[in-house]
Amino acid sequence: MHAWLLLTLAGVVRLAARVALEARRDDRSVAVPRLVDVNRASIAELATLPGVGRVRARALVLYRVRHGRFRRLADLAAIDGFGSTTLAELAPHLAPLDRRE
């Protein structure tokens with residue numbers, strides 16, 4: 001009798017754990033990606049973008065300080081290392097640049 005009770009209890013615990021893990025997995029799948037504003041982002045934030053890294057992020061911030069805000073995505077092409085391939089990778093991760101401040 002005790003063995004049956006222990007096996008049943010163990011099965012209930014395993015089922016509850018499986019349901020809890022599935023619920024956590026579903027929560028992660030609905031995460032919304034955050035868009036980065038190149039006119040306000042820090043070096044650390046910019047470095048997380050695909051194809052950027054720390055060196056390009058520093059160059060981007062330095063250019064932004066010297067020349068002002070970016071108005072279009074194509075403005076980033078003036079920075080060494082930001083060619084058409086990098087800009088194409090970045091586009092989906094950047095906040096719209098045509099907003100007026």
Side-chain angles (χ1 to χ4, degrees):
M1 176 82 169
H2 293 288
W4 179 83
L5 183 61
L6 286 175
L7 287 174
T8 303
L9 185 58
V12 169
V13 169
R14 288 182 68 199
L15 179 62
R18 186 178 312 154
V19 168
L21 289 173
E22 288 297 322
R24 290 181 83 195
R25 187 174 302 137
D26 290 343
D27 289 344
R28 284 181 279 185
S29 66
V30 295
V32 177
R34 185 176 65 91
L35 298 178
V36 175
D37 183 346
V38 293
N39 288 311
R40 296 182 180 180
S42 67
I43 293 172
E45 290 172 310
L46 293 167
T48 65
L49 293 169
V52 177
R54 215 145 163 85
V55 172
R56 286 182 179 171
R58 289 184 70 191
L60 195 150
V61 170
L62 183 61
Y63 187 91
R64 186 175 70 193
V65 168
R66 289 181 179 167
H67 302 283
R69 62 187 299 278
F70 298 99
R71 298 197 185 282
R72 341 177 255 131
L73 183 63
D75 293 347
L76 276 71
I79 304 168
D80 286 339
F82 285 88
S84 59
T85 303
T86 302
L87 294 179
E89 289 177 15
L90 285 177
H93 302 281
L94 300 181
L97 294 173
D98 57 356
R99 292 179 292 165
R100 300 286 179 212
E101 293 182 4

Could you report the tightest heavy-atom contact between Asn39 and Asp37, atom names first, then the distance?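 Here Asn39 and Asp37 meet closest at N-OD1, 2.9 Å.
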
When every non-hydrogen atom of Leu35 is compared with those of Ala95, the smallest separation belongs to CB-N, 3.8 Å

Per-pair distances, 0.1 Å, donor-acceptor, side chain in residues 50-62, under 3.5 Å, sequence neighbours excluded:
{"residue": "Arg56", "atom": "NE", "partner": "Gly81", "partner atom": "O", "Å": "3.3"}
{"residue": "Arg56", "atom": "NH1", "partner": "Gly51", "partner atom": "O", "Å": "2.4"}
{"residue": "Arg56", "atom": "NH1", "partner": "Gly81", "partner atom": "O", "Å": "3.4"}
{"residue": "Arg56", "atom": "NH1", "partner": "Thr86", "partner atom": "OG1", "Å": "3.4"}
{"residue": "Arg56", "atom": "NH2", "partner": "Gly81", "partner atom": "O", "Å": "3.3"}

Candidate list Leu76, Leu46, Val38, test side chain to side chain contact (heavy atoms under 4.5 Å, CB included), partner Leu90, passing option: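 When Leu76, Leu46, Val38 are each tested with Leu90, the side chain to side chain contact (heavy atoms under 4.5 Å, CB included) holds only for Leu76.
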
Calculate, to the nearest 0.5 Å, the distance between atoms CG and CZ belonging to Asp75 and Arg69 respectively. 9.5 Å

Below 4.5 Å, heavy atoms only, C-beta onward: do Phe70 and Ile79 meet side chain to side chain?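 When only atoms from C-beta onward are counted, Ile79 and Phe70 do touch, with a gap below 4.5 Å.
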
In chain order, what residues pass the salt bridge (charged side-chain N to carboxylate O under 4.0 Å, His left out) check against Glu45, with sequence neighbours excluded?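 For Glu45, the residues satisfying salt bridge (charged side-chain N to carboxylate O under 4.0 Å, His left out) (neighbours in sequence not counted) are Arg34.
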
